[in-house]
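Heads up, the thing below is written out as structure tokens.
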Amino acid sequence: MSDLAQIGVSGLAVMGRNLARNLARNGFSVALHNRTSAKTKSLVAEHGDEGTFVPTETLEEFVAALERPRRVVIMVKAGAPTDAVIDELVPLLDEGDIVIDCGNAHYADTRRREADLRERGLHFVGAGVSGGEEGALLGPSIMPGGSKESYATLGPMFEKIAAQVDGTPCCVHVGPDGAGHFVKMVHNGIEYADMQLIAEAYDLLRDGLGATPAELAEIFAEWNSGDLSSFLIEITAEVLGHTDAATGSPFVDVVVDEAEQKGTGRWTVQTALDLGVPVTGIAEATFARALSAHPDQRAAARAALPGPSEAAQKVPAEERDAFVDDVRKALYASKVVAYAQGYDQMAAASTEYGWDIDLGAMATIWRGGCIIRARFLDRIKDAYATERPASLLVAPYFRDAVADGQQAWRRVVAHAARAGIPTPGFSSALAYYDALRADRLPAALIQGLRDYFGAHTYRRTDRDGSFHTLWATPDRSEVEA
Ligand code: NBP
């Protein structure tokens, strides 16, 4: 065997360090590099016995330590730092080498970088990696984009270090250039929606039942054994069951109620607006975080704005069990909507950029390793197994599941409105469901208004063409536009 390393990782903060260890533990020799060499040294000092590491101090040494074609993983802060590393790295590489950005890059940046490196005879792979620190070490979900040629050499390595579910790796070639990072972005957007819906379920149950977080932890733990079974439901039970050591209070009560974000939810929504895809679940989740982060405005509103009576907020004792079940069904139905919308967004981007993404395969690679891993994803995989449904909502399994929960969903949203509990996720998901299935939408009136004030024209239900009504004329006659 050559002394040269099979793969290199540059950027050894939590993610890069664990990804490098994962590669080494799986038998690959790994060259190491970090801008400041302390991280390289500590990795080798603490975990050098886990496999074959080749520590280097400069990028020149790093590149020289790699077998050809070189496989160079970059795992640094997304944005300018990634460009800085690429700029330094590229002059040192040779034709056919593969640069892999495993950070959370915006897919448009990945498209730009891929085009740029392709011109220089290099492969650029934007790979989404999900699962946080632990996933990187023990098996993440990996979403690589880039050329098929680069996947031929890189794929087997990534498939080996990825999470495995039922013997299938949670890694597949997503599509050309930015496809991998796009899918990772939507994954994160869905993660936002999923968490928002879980938080709303918690809020409804806590206010409605007057239950303690520890009692709610038991409800979530029970839900985790059914259709909702997922990593996020599992850790919700853990977090709600946790007691703060310093105060003896439930942990959730000592945490400031202002949600932060790193930006992938926002990117998902911005991109969806450009593509014209309604991702209301992800948008509401992103806005809900933004709203929570305005404490001064919230304090002013709390002092000024009245809500319903306290009595309206409580669920009568005899209805408690039914209410818990209703919330579970509403959560499931709303979650189906959030995924349906995310899948629509991936489908739209796939068409727009010619990526030919296999949507069923995305559900397959999200089953393990990543934050949204869930039993649910097997159902999505099945839904795409034979044909691409017009919406996940009309795929038979989900159609039936949502139909089964429909009345419960309506009761929960009605209760939330009466009780003054904010449920933007549940409510907007139900509105989306009703809009999608409506015979006629009031969009017809909107078209009439647009024609009235702006002569924007409209189409008729009874014949082809575009029309304009001469609103200012006495007889309001119609002309073909
Ligand atoms: P960070 O995002 O905190 O980045 C720290 C790394 O970037 C260090 O290695 C640092 O080098 C390097 N770096 C910076 Br900052 N500026 C640089 C520059 N101009 N040139 C070269 N190196 C530079 O690390 P992370 O949390 O491990 O995440 C790495 C990537 O993985 C990010 O894109 C992140 O979004 C993504 N990601 C993170 C998670 C997660 O759970 N944390 C999950 C999935 C994806 P230094 O040591 O010399 O300062």
Side-chain angles (χ1 to χ4, degrees), residues 8-23 30-47 55-63 72-92 99-110 113 124-145 158 161-163 170-171 178 180-192 195 231-232 235 260-268 365-366 368-373:
V9 179
S10 179
L12 300 172
V14 285
M15 290 297 287
R17 175 186 175 98
N18 282 356
L19 202 68
R21 289 176 60 199
N22 187 354
L23 283 159
V30 189
L32 303 173
H33 174 264
N34 194 67
R35 177 178 59 175
T36 46
S37 60
K39 286 194 176 75
T40 314
K41 287 178 183 145
S42 83
L43 198 171
V44 176
E46 290 164 38
H47 305 287
T56 66
E57 295 213 357
T58 64
L59 268 182
E60 286 79 1
E61 266 181 63
F62 176 63
V63 167
V72 186
V73 171
I74 301 174
M75 200 46 153
V76 301
K77 209 177 197 55
T82 305
D83 278 321
V85 176
I86 293 172
D87 288 348
E88 235 185 297
L89 193 60
V90 162
L92 307 174
V99 178
I100 310 123
D101 175 17
C102 286
N104 264 340
H106 191 289
Y107 79 98
D109 285 337
T110 303
R113 290 167 184 150
F124 185 77
V125 174
V129 176
S130 175
E133 213 177 318
E134 193 183 286
L137 181 64
L138 303 176
S141 173
I142 312 181
M143 297 151 249
F158 274 5
I161 66 161
C170 293
C171 173
H181 274 141
F182 190 94
V183 161
K184 171 61 167 42
M185 174 187 78
V186 175
H187 163 285
N188 283 25
I190 290 175
E191 180 185 306
Y192 273 53
M195 285 198 276
F231 173 67
L232 284 171
I235 66 170
E260 296 175 7
Q261 46 188 316
K262 280 193 171 169
T264 39
R266 187 173 64 236
W267 287 352
T268 315
I365 64 170
W366 291 346
C370 68
I371 305 297
I372 63 171
R373 60 184 182 262

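When a ligand or atom number is given, it counts from 1 through the structure's own listing order. Model, not experiment: these values are computed from the prediction.
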Taking the basic N atoms (NZ, or NE/NH1/NH2) and the acidic carboxylate oxygens, is any pair closer than 4.0 Å for E57 and K41?
yes

I161 backbone acceptor or donor facing N22 side chain under 3.5 Å:
yes

Quick check: does V129 get an N/O under 3.5 Å from an N/O on ligand 1?
no

Could I get the full list of side-chain contact (heavy atoms from CB on, under 4.5 Å) partners for K77, not counting sequence neighbours?
P81

Counting each atom of ligand 1 from 1 as listed, which ones have a heavy atom of A13 under 4.0 Å away?
5 (C), 6 (C), 8 (C), 9 (O), 24 (O), 27 (O)

Selection from N104, T36, D83, V9 by shortest heavy-atom distance to atom 46 (P) of ligand 1:
T36

Heavy-atom nearest neighbour in the protein, as seen from atom 30 (C) of ligand 1, with distance rounded to 0.1 Å:
V76 O, 3.5 Å

Can you give me the closest heavy-atom contact between C170 and A162, atom names plus distance?
O-CB, 3.8 Å

Those residues at least two apart in sequence (or on a different chain) that pass ring pair (Phe, Tyr, Trp, His ring centres under 6.0 Å) with F124 are none

Given R35, K77, H33, which has its nearest heavy atom closest to atom 16 (N) of ligand 1?
R35

Out of all atoms in ligand 1, which are within 4.0 Å of some heavy atom of L12? Include the element for each.
9 (O)

Under 4.0 Å from any heavy atom of G11, which atoms of ligand 1 are there?
9 (O)

Subset of ligand 1 atoms that lie under 4.0 Å from at least one heavy atom of A78:
33 (O)

Would you mind reporting whether C102 and F158 have side-chain heavy atoms less than 4.5 Å apart?
yes

Please check if the side chain of T56 supplies one atom and the backbone of E61 the other of a donor-acceptor pair under 3.5 Å.
no

Would you say K39 has any N or O atom under 3.5 Å from an N or O of ligand 1, going by distance alone?
yes

Tell me: protein heavy atom nearest atom 42 (N) of ligand 1, and distance?
M15 CG, 3.7 Å

Among all protein heavy atoms, pick out the one at the shortest distance from atom 21 (C) of ligand 1; state its residue, atom name and that distance to 0.1 Å.
V85 CG2, 3.4 Å

Rounded to the nearest 0.5 Å, the NE2 atom of H181 sits from the CG atom of D109 at a distance of 9.5 Å

With a 4.0 Å heavy-atom cut-off (strictly under), which part of N34 contacts ligand 1: side chain, backbone, both or neither?
side chain

Nearest non-hydrogen contact to atom 26 (O) of ligand 1 from the set N18, I74, V14 belongs to V14

